[in-house]
Amino acid sequence: MAASINRGGALSRVTVAALTAALVATGTSAVAAGDSGAPSAPAGDVMSAERAQLAKQQRVGARSTAKTAATAEYRWLRGISGGNLYLYEPDGRGGYGPRFHLATGAETVTNAAQADNDGDGEAEALWLWLDDGTLSYGTATTSLTVGGGWQIYDKAISPGNLGGAASADLLARDKSGNLWLYLGYANGKVAPRAKIGTGWNIYSQIAGVGDLTGDGRADIVTADKSGVLWIHPGSGDYKKPFKPRVRIGGGWNTFNALVGVGDLDRDGKSDIIARDKAGALFRYSGTGVTNAPFKPMAKIGTGWNTYRLMY
């Protein structure tokens, strides 16, 4: 049965006592979005709460499900409503359990992305973008400022490893429609950006985590403004990280949010979730097949239009 958003704020199987502990963030300069500019302070209490949560996850949920031979990434889901940050644990049945209130003060967070940088198949790190252009990175034990100037981008995601190295990379689209690749390091810093495409402002949605085509490379999907969904298979070449796009189907302008969530249904393949304009949430389970990368949609919740950002 599809689960609606739970207003009670309980989270199963998680010890929450330490979630309010403040962790001191250490700032470190790195490459900025525009390849210049001084770093700013990290994301304060929101990053501290996220780091405390990352320390507590300890593969909760993943441990209760037998692992498959595949290496699809396991992730929890976050949602921001106003200044409130909420957390959802996958329920092991292809949906999410009750929400837990993680932090306040999230008004300044404009974007966020999870990452698996230790190669264990579970997201243990995240990037946070703030409205002043600051990009911060945190794990359970570390926090740093990656750089400033990131407000030039209207979309940024981390689909995993696009460049052939071990660490997760970043994709960022500027307001002119140019697409940029930032190769990532294991400590959350990024290399200078490389322009990998133009005309990406034809897409209203860009999403994806990990391998969607079954070849072991990270891929993404895009929905254009006419509602057509495309898959962009990864090439493994950082200079040209995507092969030519493949049309998947129409009607995707029904949705106002697509999010790559890793292996939500625990079948070893990467999935996405889609939210329609009425706030219903749907899971599209991955198949690993390029021309038909998703199974039919499955409704997993209602009321999700309360969130301005999900990651």
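This one's a predicted model, so the numbers in the text were calculated from it and none came from an experiment. For this chain, numbers begin at 1 and follow the sequence in order.
- Side chains of His101 and Asn84: a donor-acceptor N/O pair is present below 3.5 angstrom, by distance only.
- The cluster map of Ile, Leu, Val, Met, Phe, Trp and Tyr, joined by side-chain heavy atoms under 4.5 Å apart, puts Ile273 and Tyr86 in the same cluster.
- Judged by distance alone, the side chains of Asp211 and Ser270 never bring a donor and an acceptor atom under 3.5 Å apart.
- Clustering ILVMFWY residues whenever any of their side-chain heavy atoms sit less than 4.5 angstrom apart, transitively, puts Tyr307 in a cluster other than the one holding Ile206.
- Figure legend: cation-pi geometry between Arg245 and Trp230, with NZ or CZ positioned under 6.0 Å from the six-membered ring centre and within 45° of its axis.
- One hydrophobic cluster, built from ILVMFWY side chains closer than 4.5 Å, cannot hold both Val209 and Leu54; they sit in different ones.
- In the hydrophobic cluster analysis, where Ile, Leu, Val, Met, Phe, Trp and Tyr join through side-chain heavy atoms closer than 4.5 angstrom, Tyr137 is grouped together with Val190.
- A donor-acceptor pair is defined here as one N or O able to donate and one able to accept, closer than 3.5 Å; such a pair exists between the side chain of Lys277 and the backbone of Asn253.
- Residues Leu130 and Val109 are in side-chain contact: their nearest non-hydrogen atoms beyond the backbone lie under 4.5 Å apart.
- Judged by distance alone, the side chain of Asp265 and the main-chain N or O of Ser285 form no donor-acceptor pair under 3.5 Å.
- At least one donor-acceptor pair closer than 3.5 Å links the side chain of Glu124 to the backbone N or O of Asn117.
- The nearest pair of heavy atoms linking Ala125 to Thr139 is CB-CG2, 3.7 Å.
- Annotation for Arg308: atom CZ counts as buried by contact number, over 12 foreign heavy atoms lying within 6.0 Å.
- Scanning both residues, Arg75 and Gln114, for their nearest heavy atoms gives NH2-O, 2.8 Å.
- Between Thr213 and Asp219 the shortest heavy-atom distance is N-OD2, 3.1 Å.
- Side chains of Tyr74 and Asp120: no donor on one and acceptor on the other come within 3.5 Å.
- Under the 4.5 Å side-chain criterion, counting only non-hydrogen atoms from C-beta, Thr198 is in contact with Lys195.
- A donor-acceptor pair under 3.5 Å is absent between the side-chain atoms of Gln205 and the main chain of Ala274, judged by distance alone.
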Hey, mind stepping through Asp215 and Arg217 against salt bridge (charged side-chain N to carboxylate O under 4.0 Å, His left out) and telling me if it holds?
CA-CA 6 Å; Asp215 63 359; Arg217 299 187 179 98; 3.8 Å; yes

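- Using bins of under 30°, 30° to 60° and over 60° for the plane-to-plane angle, the ring pair Phe294/Tyr284 lands in the perpendicular bin.
- At least one donor-acceptor pair closer than 3.5 Å links the side chain of Asp169 to the backbone N or O of Gly163.
- Between the side chains of Arg173 and Asn178, no donor-acceptor pair of N or O atoms lies under 3.5 Å.
- The side chain to side chain contact (heavy atoms under 4.5 Å, CB included) search around Lys239 returns Asp237, not counting sequence neighbours.
- Side-chain atoms of Thr145 never come within 3.5 Å of backbone atoms of Ser136 as a donor-acceptor pair (strictly under, hydrogens ignored).
- In terms of heavy atoms, Arg283 sits closest to Gly95 at NH1-N, 4.5 Å.
- With a 4.5 Å cut-off on side-chain heavy atoms, Leu171 and Leu181 count as touching.
- Between Arg93 and Asp91, at least one side-chain N (NZ, or NE/NH1/NH2) sits under 4.0 Å from a carboxylate O, which counts as a salt bridge.
- The backbone N or O of Ala72 lies less than 3.5 Å from no partner atom in the side chain of Asp263, so there is not a single donor-acceptor pair.
- Separation of the Trp150 and Tyr182 ring centroids falls under the 6.0 Å cut-off.
- Panel note: side chain Thr287, backbone Ala292; a donor-acceptor pair is recorded below 3.5 Å.
- Formation of a donor-acceptor pair under 3.5 Å by the Arg78 side chain with backbone atoms of Leu87 is not found in this model.
- In summary, the side chains of Asp276 and Thr254 do not present any donor paired with an acceptor at a separation below 3.5 Å, with no hydrogens or angles considered.
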Verdict with supporting geometry, Leu212 and Ile231, side-chain contact (heavy atoms from CB on, under 4.5 Å)
CA-CA 9 Å; Leu212 297 171; Ile231 189 166; 3.9 Å; yes

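- Ring orientation note: the planes of Trp200 and Phe242 are tilted relative to one another, at an angle of 30° to 60°.
- When atom types are taken as modelled, the side chain of Ser204 and the backbone of Ala223 share a donor-acceptor pair closer than 3.5 angstrom.
- Between Tyr88 and Trp304, the ring center distance clears the sub-6.0 Å criterion.
- Minimum heavy-atom separation, Ile248 to Pro293: CD1-CD, 3.4 Å.
- Considering only heavy atoms from C-beta on, Leu281 stays 4.5 Å or farther from Lys299 through its side chain.
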